[in-house]
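Starting from 1, each residue takes its place in the sequence as its number. Note that this is a predicted model, so its numbers are computed, not measured. One-based numbering, in listed order, for ligands and for the atoms of each.
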Amino acid sequence: MGERGSAKSSGEHVALAGFPVLLVRRRVRRVTIAVLPPFGQVRVTAPTGTALSEIERIVSGKRAWLEGKIATFPADPGRERRYGEGEYALLWGRRVPLLPRIGAPGVSLVPEGMILSARSDEPKKREAVLLAFYRKEVQTEAAKLLPFLSAMTGLSPSGVTVRKMARRWGTCYHREGTVHLSLTLAEYPPECLSYVLLHELLHLRYPDHGREFHAALDRYMPDNRAVAADLNRLHRLSAGAWTDHEQ
Ligand SMILES: [Zn+2]
């Protein structure tokens with residue numbers, strides 16, 4: 001993850017070392033990290049001029065401590081996701097303010113956030129529009145990645161479909177030669193989609209997770225283990241990302 005632009009003193013939501021973080025810039029001497037009640041929001045206070053990459057390195061060094069600390073906080077029980085004003089959606093690793101509207105179903109991105117338009121304000125209706133958007137996003141990005149990954153590996157699936165999957169990021173039916181991807185991959189940083197697509201492509205050649213499979217993954221994507229770990233960590237943390245936890 002690279003630079004994400006300058007921060008405001010009021011704090012901004014960024015992903016650092018796989019954690020959703022409220023980053024606050026202050027005239028302080030060093031970077032401090034806190035996990036806040038009631039729901040375990042991570043807040044990082046950093047000196048005004050410190051590079052984001054340096055802050056990320058420090059957060060990364062506290063990974064084990066952070067995970068343990070966050071796990072001691074409960075999930076927010078009092079709130080239910082309504083896809084309404086003041087909530088957020090994740091898109092390619094970024095947290096985007098939701099701008100709900102009543103109208104023809106669809107999503108459009110504007111500088112202020114994500115316009116989520118549905119026929120009614122029912123959460124189910126809005127959710128369906130968002131998921132359809134995610135599905136299209138993953139389809140589009142996978143179609144861009146595929147020629148590159150196929151040229152690299154010499155593997156081409158007979159088809160790639162994107163669907164809602166309950167428990168997996170992707171599957172490969174190696175007999176049919178097809179790959180299926182989870183539409184929720186649109187919530188995570190783009191390298192997570194690259195990793196899952198490569199992983200499933202390699203199953204066309206190696207059906208299981210044996211030594212040869214991992215050797216190929218390492219060859220084609222040397223940081224695959226870090227990306228997979230990030231994806232799983234972000235997944236655990238993403239449950240509360242739609243709402244502000246600060247008091
Ligand atoms: Zn697999």
Q: For the Zn ion (ligand 1), decide whether Cys172 has an N, O or S atom at a distance under 2.8 Å.
A: no

Q: Would you please indicate yes or no on a ring centroid separation below 6.0 angstrom for Trp169 and His199?
A: no

Q: May I ask you to check whether Tyr173 and His180 place their ring centres under 6.0 Å from each other?
A: yes

Q: Nearest 10° is fine: what angle sits at the Zn ion (ligand 1) between NE2 from His203 and NE2 from His199?
A: 100°

Q. Any idea which N/O/S atom from His209 gets closest to the Zn ion (ligand 1)?
A. NE2

Q) Distance-only, no hydrogens or angles: does the His174 side chain make a donor-acceptor pair with backbone N or O of Gly177 under 3.5 Å? A) no

Q) Salt bridge between Glu87 and Arg82, side-chain N to carboxylate O under 4.0 Å? A) no

